[in-house]
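Everything below concerns the one structure shown next.
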Amino acid sequence: MSRFTILGAQGLIGSRLTAALARDGHEVFAPARESDLAQRPLGHVIYAIGVTWDFAARVFDTVTAHVCRLNEVLREARFDSLVYLSSTRIYQGLSGSVDENSELTVNPQRMGDLYNLSKLAGESLTLASGRATKIVRISNVFDGRDASDSFLPSVIRSAVTSGLVTLQTAPTSTRDYIALEDVVAMLPQIALEGRQRVYNLCGGHNISHAELARRLEALVPCQVRYAAGAVESQSPRISNERLRTEFGFRPAALFDCLPALIDSYRAQGELSTC
């Protein structure tokens, strides 16, 4: 068994990863946010500190989480390895198919690129630190216990509670999705056995809003409509071939999991009205 330190253990990924590692018999340290990490050996660190869907309202927190705290850990902490959790959002602005070696494009004048720039700064710092580190770029995580206001939970919650979903982006908009269970299963393997420095942890294919709407309307009595002036938000197809080749990775498909997700959010809605 191995020693792991989970930074960001209160978040969706960090909390589930902490529980899974402990259940599998690993030694797990989940320090509080402001803990001094220089005083003990940390083993294999998973850096899951991050700001997600609400980053635009928390710009300073975003940079602190993705870069500043990371800088302290890389400079001062004692660890065997570190995996920095990044995001496939950094591929925005590209088209066609992309992989871990694709050239990226960002524009600091676009507000949305603050997130991408901070993640890329974290990636660059991690790789340039001279220490045993890896990057994992994670796509849109889905899980029936995700209570956040990010895209997919909000859509399913609206469908099962009000029967009406209004999307702010066009039906041709696309996203890649990955099950939280797959993320939790792969991260320790990457930390302990990964031979590459950067991995895409994603479903490997895009789902349009129109496809998602059709599936939802077939499973739930609901109507999906689009806001006036809804713009297209396209994502490139993100390759997970590196994980498939190295680990035999076979991610769960969102549409196979959708009935269970709907049941989970429906149950949460019923409990909240009791």
Please report the C-alpha distance between His66 and Tyr115 in whole Å, then the side-chain angles of each, then the deciding distance to 0.1 Å, and finally whether the ring-ring contact (aromatic ring centres under 6.0 Å, His included) criterion is met. CA-CA 9 Å; His66 297 169; Tyr115 182 91; 5.2 Å; yes
For a quick test of reading the model, state the closest non-hydrogen atom pair linking Ile49 to Gly8 and the distance between them. CG1-N, 3.6 Å
Residue pair Ser87 / Arg137, side-chain heavy-atom distance below 4.5 Å: no
Would you say the side-chain atoms of Arg157 pair up with the backbone N or O of Gln268, donor to acceptor, closer than 3.5 Å? no
Atom pair CZ (Phe255) and CG (Leu216), whose distance is rounded to the nearest 0.5 Å: 8.0 Å
Leu114, Val106: one ILVMFWY side-chain cluster at the under-4.5 Å cut-off? no
Applying side-chain contact (heavy atoms from CB on, under 4.5 Å), run through Thr5 and Arg40 and close with a yes or a no. CA-CA 11 Å; Thr5 295; Arg40 60 181 291 173; over 6 Å; no
Taking Ser158 for the side chain and Val155 for the main chain, is one N or O donor matched with an acceptor at less than 3.5 Å? no
Search all heavy atoms of Asn206 against all heavy atoms of Ser235 and return the closest pair with its distance. ND2-O, 2.9 Å
Verdict with reasoning, Leu104 to Val98, per side-chain contact (heavy atoms from CB on, under 4.5 Å): CA-CA 10 Å; Leu104 305 173; Val98 297; over 6 Å; no
Arg244 CZ to Arg250 CZ distance, which is reported to the nearest 0.5 Å: 5.0 Å
Measure the shortest side-chain to side-chain distance between Leu254 and Asn140 over non-hydrogen atoms and say whether it is less than 4.5 angstrom. no
Please confirm whether the backbone N or O of Arg58 pairs with a side-chain atom of Thr62, one donor and one acceptor, at under 3.5 Å? yes
Taking Asp176 for the side chain and Gly204 for the main chain, is one N or O donor matched with an acceptor at less than 3.5 Å? yes
Could you check if a side-chain atom of Leu152 sits within less than 4.5 angstrom of a side-chain atom of Leu212, using non-hydrogen atoms only? yes
Run the side-chain contact (heavy atoms from CB on, under 4.5 Å) check on Arg175 and His209 step by step: do they pass? CA-CA 8 Å; Arg175 290 176 182 240; His209 289 2; 4.0 Å; yes
Any donor-acceptor pair under 3.5 Å linking the side chain of Ser118 with the backbone of Val63? no
Closest approach of Thr169 to Tyr226 (non-hydrogen atoms, all atoms of both residues): O-CD2, 3.2 Å
Give a yes or no on whether the backbone of Arg195 and the side-chain of Glu246 come within a donor-acceptor separation of less than 3.5 Å. yes
Ser173 side chain to Ala170 backbone, donor-acceptor under 3.5 Å: yes
Indicate if Leu187 and Leu70 have the same hydrophobic cluster label, given that clusters are the connected sets of ILVMFWY residues with side-chain heavy-atom separations under 4.5 angstrom. no
Student check: side-chain heavy atoms of Asn240 and Pro251 closer than 4.5 Å: yes
Non-hydrogen side-chain atoms of Leu127 and Tyr84 separated by less than 4.5 Å: no
Kindly compute the distance separating CD1 (Ile262) from SG (Cys222), expressed to the nearest 0.5 Å. 8.0 Å
Is it true that a side-chain atom of Ser139 and a backbone atom of Thr88 form a donor plus acceptor pair closer than 3.5 Å? no
Decide yes or no for Arg266 and Val220: does some side-chain heavy atom of the first lie under 4.5 Å from some side-chain heavy atom of the second? yes
Are Leu85 and Val183 connected in the hydrophobic side-chain network, where two residues link if heavy atoms are under 4.5 Å apart? yes
In terms of heavy-atom contacts, Thr172 and Gln234 come closest through O-NE2, 2.8 Å
If you round to the nearest 0.5 Å, how far is CD of Glu76 from CG of Asn71? 8.0 Å
Identify the two heavy atoms, one from Ser150 and one from Asp146, that lie closest to each other, and give their separation to 0.1 Å. OG-OD2, 3.7 Å
Check this for me, if you would: do Arg197 and Glu100 make a salt bridge, where the nitrogen-to-carboxylate-oxygen distance has to be below 4.0 angstrom? no
Within a reach of under 6.0 Å around CZ of Arg225, are more than 12 heavy atoms found that belong to other residues, nucleotides or ligands? no
Does the plane of the ring in Phe4 sit parallel, tilted or perpendicular to the ring in His44? Use 30° and 60° as the thresholds. tilted
Mind checking the CZ-CG spacing from Arg242 to Asn101? Nearest 0.5 Å is all I need. 5.0 Å
Full working for side-chain contact (heavy atoms from CB on, under 4.5 Å) between Leu192 and Ser2: CA-CA 9 Å; Leu192 297 174; Ser2 300; 3.8 Å; yes
In this structure, CG of Leu258 is separated from CZ of Arg215 (nearest 0.5 Å) by 8.0 Å
Knowing that exactly one of Leu243, Val141, Ile238 qualifies, which makes a side-chain contact (heavy atoms from CB on, under 4.5 Å) with Cys202? Ile238
Decide whether Phe249 and Ile138 are clustered together by the hydrophobic rule: side chain heavy atoms of Ile, Leu, Val, Met, Phe, Trp, Tyr closer than 4.5 Å, transitively. yes
Under a 3.5 Å distance rule, please check whether Asp143 uses its side chain to pair with a backbone N or O of Arg145 as donor and acceptor. yes
Are the side chains of Tyr265 and Thr161 in touch, meaning some heavy atoms are under 4.5 Å apart? no
4.5 Å side-chain heavy-atom contact, Pro31 and Leu37: yes
Return the minimal non-hydrogen interatomic distance between Val59 and Met111, and the atom names on each side. CG1-CE, 3.4 Å
Check the hydrophobic clustering (I, L, V, M, F, W, Y; side-chain heavy atoms under 4.5 Å; chains of links allowed) and say if Val73 and Ile46 are grouped together. no
Say whether, by atom type as modelled, one donor and one acceptor occur between the side chain of Tyr177 and the main chain of Ile207 under 3.5 angstrom. no
